[in-house]
> 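Let me begin by handing over the structure; questions about it come next.
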Number of protein chains: 2
Amino acid sequence: MSQIISVDIGGTQIRAATFHPGKNTPIQIQRNPTHSDTRTVYAGLISLIENVWPKEEKVRAISVAVPGPLEPKTGLVHSTPNIKEWVSFPLGEKLQSHFQVPVHLDNDANLAALGEWRYGAGKGHHDILFLTISTGIGGGVVLDDRLLHGWKGLATELGHITAIPDGPICSCGQAGHLEAIASGPGIVRYVVDHLKAGEKSILSGENFTPKEIANAARNGDRLSLAAFRRAGEVLGRTIADFLHMFNPSIVILGGGVSQSSDLFMKPMIEMMTGSVMDPNYVKDLVVAKAELGDEAGLVGALVQAEVLHPELEPN
Amino acid sequence: MSQIISVDIGGTQIRAATFHPGKNTPIQIQRNPTHSDTRTVYAGLISLIENVWPKEEKVRAISVAVPGPLEPKTGLVHSTPNIKEWVSFPLGEKLQSHFQVPVHLDNDANLAALGEWRYGAGKGHHDILFLTISTGIGGGVVLDDRLLHGWKGLATELGHITAIPDGPICSCGQAGHLEAIASGPGIVRYVVDHLKAGEKSILSGENFTPKEIANAARNGDRLSLAAFRRAGEVLGRTIADFLHMFNPSIVILGGGVSQSSDLFMKPMIEMMTGSVMDPNYVKDLVVAKAELGDEAGLVGALVQAEVLHPELEPN
């Protein structure tokens with residue numbers, strides 16, 4: 001049998017795993033810190049891949065999840081948030097010429113969507129919208145069993161849709177994007193702004209995490225409850241826009257903030273349902289939590305290789 | 001040789017044409033008023049198709065452009081704006097059992113997008129976004145040479161994305177959609193509201209058309225100029241959102257209002273360019289006018305048949 005090597009490049013650690021095509025249980029996983037004083041990120045990546053390289057079986061492809069804008073077709077990484085030296089970095093080409101096997105790249109949110117589609121909450125669906133909500137908001141969309149990429153592979157930046165024109169400034173520099181409002185930092189900003197305006201809360205200052213706001217909300221803190229309710233309402237209205245754009249049969253929520261969905265799911269669903277132009281968009285629509293958690297990137301990279309190498313599928 | 005019959009069902013007339021696959025010059029076109037006192041719309045449609053039915057050559061498929069929500073897979077028309085009796089109407093099935101050839105349906109904006117992709121402004125592009133701006137705003141998106149449909153065929157309702165939350169009410173009943181602001185009626189509403197608020201203009205009252213506002217603007221009327229500028233700005237910001245969602249290599253503008261693009265193109269492009277999260281979205285992006293005009297629906301229906309019957313292609 002042959003194997004696929006999946007790699008998930010994160011800001012703090014890089015993970016590599018090997019899989020048999022068609023099975024999402026890894027044969028082995030290894031991890032390394034992304035940054036080190038003694039080697040470049042690229043050198044660390046090479047040695048990690050060498051470490052998981054199978055002794056007995058062939059490697060058919062290396063499939064890599066990278067954060068940040070890149071061109072899946074050419075394997076060119078435009079930039080990544082936490083790896084400063086990777087600017088217009090031809091990662092795909094370099095890996096391919098080093099290891100002499102096909103190398104496939106895509107961004108981590110797209111691959112997480114693919115992973116959920118084949119092995120997670122989206123199993124059995126042909127049209128899925130995956131939204132990951134944590135420090136940022138990202139996503140991926142599969143329609144008719146194909147991941148949407150667009151011209152340069154930059155499609156489905158779902159966090160960067162205008163939710164409130166003239167709203168808070170987004171990490172990308174534009175105003176009022178969904179990410180600026182409903183991400184973890186967006187929820188923190190709401191609480192900080194309202195504390196400054198004199199609202200009462202068991203929280204004070206400005207150094208708290210979304211998790212601490214969630215705990216305060218669960219203890220009945222009104223401002224914290226309002227912060228999550230408002231994030232839910234904006235999410236709900238924006239998801240209605242996504243339904244009009246993509247018409248998925250399932251919306252899958254992943255990322256750290258969606259752990260607090262008890263605090264925003266109800267207003268989100270109400271706002272979404274009340275905002276569609278036609279009840280057919282929400283009739284039989286499934287809204288579900290992501291199932292692959294931390295391994296979404298690795299499993300998604302496996303699925304990318306499976307999709308691009310149909311000859312490897314067991315049946 | 002065999003032929004394709006294309007049909008475009010409009011609110012005031014129905015047109016039917018025959019084509020040889022691979023050639024977008026019709027062999028013949030015939031048209032009938034949609035409504036008549038002496039027959040149902042469906043009976044008129046049947047007789048129009050019979051009229052264009054070729055004597056010497058075989059018909060390989062009938063391909064139909066229908067306004068309003070429908071299910072392309074099953075051929076079920078949910079409803080159409082101007083044909084009241086077609087509610088949950090199984091048009092595809094009925095035509096197929098009557099004529100005994102494959103019948104394909106899609107909405108007119110999706111098919112216009114397909115037409116522009118293969119025979120119009122989008123020729124040579126693989127990722128196109130088509131936006132038609134007239135009484136309403138509709139659209140269609142082709143990514144990686146495939147038209148996006150979504151789960152129930154309801155994707156890419158591009159006019160129904162929230163542009164200004166709590167903005168004017170849209171024809172669909174929701175608030176602040178792009179269509180409520182940048183369509184013909186949206187532009188008229190802007191002028192009427194500002195006249196009521198006491199602004200000066202060479203227009204008065206509330207019975208004028210978008211074309212009359214365009215003429216007034218070209219004669220230097222400030223309010224009319226502002227109305228188109230504002231429509232252009234909102235279009236530009238919303239198109240930036242579309243770029244983040246779909247990442248097309250070309251944006252094609254069709255519909256009556258885009259005849260006045262001299263009045264809104266500049267603010268539209270400026271706002272679009274200033275609103276993207278990454279300059280790669282607009283680098284080498286083409287913004288073009290639709291080329292197929294009135295025949296977009298017929299030609300689009302031809303392309304739908306060509307795509308679904310690749311065995312008919314001449315090469």
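Reminder, nothing fancy here: chain letters follow the sequence lines and each chain counts from 1. Please read all numbers here as calculations on a predicted model, not as lab measurements. The figures that follow rest on heavy atoms only: side chains count, while hydrogens, waters and symmetry mates do not.
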> Find the one option among B:I164, B:T162, B:L285, B:T156 whose heavy-atom pairs under 4.5 Å with chain A are most numerous.
B:T162
> Is it the side chain or the backbone of B:A175 that comes within 4.5 Å of chain A heavy atoms, both, or neither?
neither
> Are B:N280 and A:L154 packed together at the side-chain level, in the sense that at least one heavy-atom pair is separated by less than 4.5 angstrom?
yes
> Which bit of A:Y281 comes within less than 4.5 Å of chain B, counting heavy atoms only: side chain, backbone, both or neither?
both
> Does a side-chain heavy-atom distance below 4.5 Å link A:R230 with A:F264?
no
> Quick one: what part of A:N247 sits under 4.5 Å from any heavy atom of chain B, side chain, backbone, both or neither?
both
> Quick check on A:A240 against chain B: is it the side chain, the backbone, both or neither that has a heavy atom closer than 4.5 Å?
neither
> Indicate whether any N or O donor in one side chain lies under 3.5 Å from an N or O acceptor in the other, for A:Q174 and B:S275.
no
> Which atoms of A:L143 come close to chain B, meaning under 4.5 Å heavy atom to heavy atom: side chain ones, backbone ones, both, or neither?
side chain
> Quick check: do A:V287 and A:M265 have side-chain heavy atoms less than 4.5 Å from each other?
yes
> Name the option with the most non-hydrogen atom pairs under 4.5 Å to chain A; the candidates are B:L243, B:I128, B:L158.
B:L158
> Look at A:V276, A:I250, A:V141 and state which one has the largest set of heavy-atom pairs under 4.5 Å with chain B.
A:V276
> Are a donor atom and an acceptor atom from the side chains of B:H125 and B:S249 found within less than 3.5 Å of each other?
yes
> Are side-chain heavy atoms of A:L148 and B:L148 found at a separation under 4.5 Å?
yes
> What residue in B:D241, B:T238, B:D144 has the most heavy-atom pairs under 4.5 Å with chain A?
B:D241
> Does a side chain donor of either B:H177 or B:H160 reach within less than 3.5 Å of an acceptor in the other side chain?
yes
> Looking at B:W151, B:F246, B:F242, which has the largest count of heavy-atom pairs under 4.5 Å with chain A?
B:W151
> Heavy-atom distance under 4.5 Å to chain B: side chain of A:D278, backbone, both or neither?
side chain
> Taking NZ, NE, NH1 and NH2 as the nitrogens, is one of them in A:E233 or A:R237 under 4.0 Å from a carboxylate oxygen of the other?
no
> Any non-hydrogen side-chain atom of A:F130 less than 4.5 Å from a side-chain atom of A:V142?
no
> Name the member of B:M277, B:H149, B:H126 that forms the most heavy-atom pairs with chain A at distances under 4.5 Å.
B:M277
> Below 4.5 Å from any heavy atom of chain B, which atoms of A:D284 appear? Answer side chain, backbone, both or neither.
both
> With only heavy atoms counted, which part of A:H78 is less than 4.5 Å from chain B, the side chain, the backbone, both or neither?
side chain
